[in-house]
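Just below is one structure, and these are the notes that go with it.
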2 protein chains.
Amino acid sequence: MSTNFINKGSNMTLREYILSLSQFYRVNIRAAVNASELGLNGMHVRCLHVIANTPDCTANCIVKNMGRDKAQIARLVKEMIAKGWLEKHPSSEDKRSQILSLSASGRQLQQKISLLEKTIENTILTGLSEQDVADFQRIAGKMLDNLSGSVS
Amino acid sequence: MSTNFINKGSNMTLREYILSLSQFYRVNIRAAVNASELGLNGMHVRCLHVIANTPDCTANCIVKNMGRDKAQIARLVKEMIAKGWLEKHPSSEDKRSQILSLSASGRQLQQKISLLEKTIENTILTGLSEQDVADFQRIAGKMLDNLSGSVS
DNA sequence: GAAGTTGGTTGACATCGTCAACCTTTTGAA
DNA sequence: TTCAAAAGGTTGACGATGTCAACCAACTTC
């Protein structure tokens with residue numbers, strides 16, 4: 001236990017790096033999004049991401065991607081449609097499903113979010129070389145493979 | 001936007017690596033803790049960590065470390081004291097504060113958690129060299145410094 | 001010494017998450 | 001081909017979690 005006692009800089013555990021990095025990232029993006037007064041919360045942002053990046057996106061795609069309960073996603077999607085950010089169209093593949101896409105205003109939102117994220121990414125990358133970034137991605141990718149049981 | 005379209009392996013964005021890694025970590029540790037039937041939720045685990053690693057730990061230390069509301073922490077601490085995991089003693093520095101520490105059963109819990117975390121860490125590290133790990137820590141540390149405004 | 005700030009407690013309520021029930025559609029086994 | 005099981009999505013109900021406010025005692029600052 002005493003080896004974890006000193007919580008400063010280079011004696012942080014791997015766990016702490018992983019969790020701190022994401023926490024700080026989230027704190028920064030939340031502050032940026034709130035400061036932009038876009039009226040978005042974290043779930044909105046994540047959902048916009050999934051839909052923007054998933055061809056023929058259904059509610060079930062979002063459920064799987066975000067690892068969330070289908071009830072929650074149904075409500076989220078319903079809210080975002082009501083706000084005019086999303087549109088839905090019948091799926092030709094499956095009558096139970098609707099294909100979700102970003103509306104024009106949803107796309108504008110997504111672009112604003114991307115700019116904010118790019119700003120934070122630039123902050124994160126300050127002082128790091130391209131090799132550092134490539135190494136980080138390679139190592140983090142391996143870690144992810146390991147954590148997801150190499151099924152990724 | 002289309003450069004973020006392909007979400008497979010080496011074309012993931014930095015954001016995605018950071019958030020995915022922590023999400024998978026959390027999914028894994030939650031499953032392990034639940035499987036161990038310790039009766040702990042995520043906040044319990046985090047609180048045990050903070051107290052185990054903070055000399056003369058007060059509620060306020062936990063608030064600052066976890067970035068949470070003092071009302072929430074007060075309730076959490078009260079609950080954990082009621083469960084017998086924590087003990088409190090008057091602070092000699094400040095009569096408003098109590099010094100929190102792990103009880104014997106709290107320490108047992110913390111040790112069980114550490115074992116689970118070590119198991120997951122070993123999973124994460126499979127196939128990575130010591131140099132990889134050192135690089136990851138160096139790079140992640142730099143990223144954290146960048147994100148926390150170099151005040152860390 | 002007085003005013004302002006801080007540590008902690010509790011009330012009240014908002015927000016978020018989960019489970020269940022349900023209906024329609026699809027899938028796959030017999 | 002038929003039908004039971006599974007799946008996609010919706011909504012009800014309620015539990016879990018988080019936030020803001022009010023308050024009091026203790027501490028700090030001027």
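Protein chains get the first letters and strands the later ones, always in sequence-line order, with residue 1 at the start of each. If you're wondering where the values come from, they're calculated on a predicted model, not measured in any experiment.
- Nearer to the 5' terminus of DNA chain C, by closest-nucleotide assignment, is the contact made by Thr58(B) (compared with the other of Arg68(A) and Thr58(B)).
- The distance from atom CD1 of Ile62(A) to atom P of dT10(D) is 11 Å, rounded to the nearest whole Å.
- The interatomic distance linking Met66(B) (CE) with dG18(D) (C1') rounds to 12 Å, in whole Å.
- In terms of polar N and O atoms assigned as donor or acceptor, the side chain of Arg96(B) never comes within less than 3.5 Å of the base of dA25(D) in a complementary pairing.
- Heavy atoms of Asn60(B) sit under 4.0 angstrom from primed sugar atoms or phosphate atoms, though from no base atom.
- Remark: P of dT10(D) and CD of Gln72(A) are 14 Å apart, rounded to the nearest angstrom.
- Looking at which nucleotide of DNA chain C each of Lys95(A) and Val63(B) is closest to, the 5′-most match is held by Val63(B).
- If you measure from atom CD1 of Ile99(A) to atom P of dG8(D), you get 13 Å, rounded to the nearest angstrom.
- Test Ile139(B), Asn146(B), Leu144(B) against Lys142(B) for side-chain contact (heavy atoms from CB on, under 4.5 Å) and you get one pass: Asn146(B).
- Going from atom CD1 of Ile81(B) over to atom C1' of dG8(C) covers 12 Å, rounded to whole Å.
- On a pure distance criterion of 3.5 Å, a polar donor-acceptor pair joins the side chain of Arg75(B) and the base of dT19(D).
- Between Ser22(B) and Ser22(A), the side chains place a donor N or O and an acceptor N or O closer than 3.5 Å (distance only, hydrogens not considered).
- Base engagement by Lys70(A) is indicated by at least one non-hydrogen atom pair under 4.0 Å involving a base atom.
- Across all strands, Ala71(A) comes closer than 4.0 Å to base atoms (heavy-atom distances).
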